[in-house]
There are 2 protein chains.
Amino acid sequence: MTQKSDHIPRATIQRLAVYVQVLENLLREGTEVISSEPLAKACNVNASQIRKDLAYFGEFGVRGVGYYVKSLIDSITSALGVDREWRTVLIGVGNLGRALLNHKEFRLRGFNIVGAFDCDPFKIGEEISGLEVVCTKRLKEKIGENGAEIGIITTPPERAQRAANHLVEAGIKGILNFAPARISVPSEVNVEYVDLFHHLYALSFNITFGSSE
Amino acid sequence: MTQKSDHIPRATIQRLAVYVQVLENLLREGTEVISSEPLAKACNVNASQIRKDLAYFGEFGVRGVGYYVKSLIDSITSALGVDREWRTVLIGVGNLGRALLNHKEFRLRGFNIVGAFDCDPFKIGEEISGLEVVCTKRLKEKIGENGAEIGIITTPPERAQRAANHLVEAGIKGILNFAPARISVPSEVNVEYVDLFHHLYALSFNITFGSSE
DNA sequence: TTATAATTGGGAATGATTTCACAATCAGGA
DNA sequence: TCCTGATTGTGAAATCATTCCCAATTATAA
Ligand SMILES: NC(=O)c1ccc[n+]([C@@H]2O[C@H](COP(=O)([O-])OP(=O)(O)OC[C@H]3O[C@@H](n4cnc5c(N)ncnc54)[C@H](O)[C@@H]3O)[C@@H](O)[C@H]2O)c1
Ligand SMILES: NC(=O)c1ccc[n+]([C@@H]2O[C@H](COP(=O)([O-])OP(=O)(O)OC[C@H]3O[C@@H](n4cnc5c(N)ncnc54)[C@H](O)[C@@H]3O)[C@@H](O)[C@H]2O)c1
């Protein structure tokens with residue numbers, strides 16, 4: 001998949017992920033074709049927004065008809081580069097790390113966790129969901145073997161930068177950071193933050209000062 | 001805390017949460033005063049962006065000096081409405097639900113989980129982190145007692161709408177949804193989505209098509 | 001007391017994104 | 001084959017967000 005346009009807004013990428021989610025549900029319910037209007041309703045966005053977002057990547061619809069759900073899912077996933085396997089490693093086998101390691105959905109969606117790392121000697125050697133926990137020191141060696149490109153950080157926040165350094169050192173290309181701390185990495189490494197409290201703060205603000213009036 | 005301006009961009013709210021995170025780290029490291037320039041570096045944004053974001057809420061800085069870290073944290077948390085206790089309930093005591101229930105940080109940050117609900121009879125009655133798992137049918141009754149205002153959904157995606165309906169019915173004001181499904185609720189109820197795969201899709205896109213060039 | 005250096009707050013300019021509006025296109029039926 | 005109704009794709013307009021820039025303000029030191 002190649003893009004038609006050079007720069008694509010970050011917000012567009014986020015919405016494309018929502019579209020895929022909603023389209024997959026529609027497909028599961030048996031919908032074969034959908035037009036931008038009802039899809040927009042289901043995604044809580046404007047219909048032309050959807051059409052414009054898709055237009056960055058190509059012409060996927062049929063005028064007078066709408067979009068074929070199955071083929072649109074394929075087009076979007078291909079546009080996002082998720083029509084392949086992505087190998088990932090996880091650092092920090094604690095409460096959250098375990099939940100993620102046991103989460104089947106990763107593999108189903110092509111994000112395969114192929115390595116679990118921790119620095120706690122009591123955890124090293126333990127097997128979780130068919131994966132042996134390995135010492136963080138062996139990260140580079142292991143990534144050399146399994147070719148992972150994405151790292152998932154689930155250490156405590158004060159260790160997040162150290163974990164990131166290990167990942168960068170090992171040649172990782174992207175990081176998903178669950179620890180509530182900003183990390184700094186070379187500009188060619190992509191970082192995404194999953195921060196619970198950001199969302200809770202937004203809820204708090206919206207409930208208190210009203211977003212719906 | 002009252003706002004100076006009527007409409008505040010959503011992006012501003014998200015950044016304020018980042019500022020708090022970074023400021024708390026600075027405070028822990030002993031920084032008492034900081035100006036917008038170095039704070040901007042640490043948060044990966046533009047310095048005037050920070051000043052403008054703060055200006056929506058008031059004048060928190062001292063010209064020629066910068067911002068007093070402690071007092072700025074207080075000002076921002078007050079602006080976001082997080083300078084109080086928020087009671088929350090969680091629906092869906094599975095893998096992820098358990099990890100969240102055991103997560104101490106919620107209480108520390110004022111988001112107290114005061115109820116855990118599931119529909120599985122094998123889970124009802126179980127005690128997790130001092131909280132007894134209760135049948136979802138008793139949600140309204142329990143919320144009437146404990147006065148929770150925020151609901152956390154950690155059910156499978158196909159049950160997320162049902163869980164949301166229960167929460168709305170019980171008079172909840174905001175929902176944090178971890179299930180990968182859009183939910184529809186009345187407009188006065190606020191919803192935030194925490195979706196792993198949205199972030200992984202963004203990583204995939206950025207790694208594949210380059211965000212750093 | 002006054003000059004200097006630093007830094008905020010906010011108006012104006014710029015830039016980006018969203019929405020509008022409609023010509024272009026397509027399926028289906030007359 | 002041609003007409004009708006539906007719906008896309010896309011410029012242009014409108015809205016929204018970010019960045020620039022500097023007067024206003026403060027601390028400090030001469
Ligand atoms: N538990 C949750 O529900 C939850 C939810 C949201 C965010 N988080 C965040 O996720 C992170 C992990 O949370 P948790 O509850 O799993 O914590 P945890 O303490 O249970 O687990 C942290 C793990 O990281 C390991 N670790 C520490 N330093 C390391 C290093 N340098 N290299 C490798 N491993 C290292 C520890 O040995 C431990 O196993 C925290 O930053 C937390 O704030 C947790
Ligand atoms: N496990 C993870 O690491 C992880 C990460 C990100 C997102 N998620 C998402 O979070 C959700 C939960 O994941 P999980 O791994 O904990 O799943 P899980 O199957 O372990 O837990 C789901 C729980 O919800 C309960 N439940 C089902 N329907 C219910 C209803 N109507 N009312 C109340 N409770 C109900 C089930 O009894 C079960 O206890 C899923 O939507 C998943 O996609 C999970």
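The stretch residues 33-52 of chain B touches DNA chain C through B:Ser35, B:Ser36, B:Arg51, B:Lys52, each having a heavy atom under 4.0 angstrom from the strand.
Distances shown here put a side-chain N or O of B:Arg15 below 4.0 Å from the OP1 or OP2 atom of D:dT18. Residue B:Tyr67 places at least one side-chain N or O under 4.0 Å from the OP1 or OP2 atom of C:dG9.
The interatomic distance linking A:Gln14 (CD) with C:dT17 (P) rounds to 12 Å, in whole Å. Put simply, CD on B:Glu59 is 13 Å from C1' on C:dT7, counting in whole angstrom units. Regarding A:Leu54, its CG atom lies at a distance of 16 Å from the P atom of C:dT17, rounded to whole Å. Residue A:Ile13 contributes atom CD1, which lies 15 Å from atom C1' of C:dA16 at whole-angstrom precision. Rounded to an integer number of Å, the gap from CZ of A:Phe60 to P of D:dG9 is 9 Å. Rounded to a whole Å, the NE2 atom of A:His7 is 11 Å from the C1' atom of C:dG15. Atom CG in B:Leu72 sits roughly 11 Å away from atom P in C:dT8 (whole-Å rounding). Put simply, CG on A:Asp53 is 10 Å from C1' on C:dT17, counting in whole angstrom units.
When ring centroids are compared, A:Tyr193 and A:Phe178 stay outside the 6.0 Å threshold.
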Audit row: B:Lys140, B:Glu169, salt bridge (charged side-chain N to carboxylate O under 4.0 Å, His left out) steps and yes/no: CA-CA 7 Å; B:Lys140 190 170 184 180; B:Glu169 164 72 12; 3.3 Å; yes

Test log, rule salt bridge (charged side-chain N to carboxylate O under 4.0 Å, His left out), inputs A:Arg87 and A:Glu145: CA-CA 12 Å; A:Arg87 301 194 175 193; A:Glu145 290 169 19; over 6 Å; no

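A:Ala164 and A:Ile183 get closest at one heavy-atom pair: CB-CD1, 3.8 Å.
The C1' atoms of five pairs define one axis at each end of the helix from C:dT1-D:dA30 to C:dA30-D:dT1, and these two axes lie 0° apart (to 10°).
Crowding of A:Glu85 atom CD: a count of heavy atoms from other residues, nucleotides or ligands under 6.0 Å exceeding 12.
When A:Leu139, A:Ile175, A:Asn177 are each tested for a side chain to side chain contact (heavy atoms under 4.5 Å, CB included) with A:Ile91, only one passes: A:Leu139.
Here A:Glu105 pairs with A:Arg109 under the salt bridge (charged side-chain N to carboxylate O under 4.0 Å, His left out) rule; sequence neighbours left out. With sequence neighbours excluded, the residues forming a side chain to side chain contact (heavy atoms under 4.5 Å, CB included) with B:Ser36 are B:Ala47, B:Arg51, B:Tyr67, listed by chain and number. Legend: residues meeting side chain to side chain contact (heavy atoms under 4.5 Å, CB included) with A:Cys119, ordered by chain and number and at least two apart, are A:Thr136, A:Arg159.
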Dump every N/O contact between nucleotides 3-6 of chain D and the protein below 3.5 Å, one line per pair.
none

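To the nearest 0.5 Å, the span separating CG on A:Leu23 from CG on A:Asn25 amounts to 9.0 Å. Between the CG atom in B:Asn112 and the CD1 atom in B:Ile150 there is a gap of 11.0 Å [rounded to 0.5 Å].
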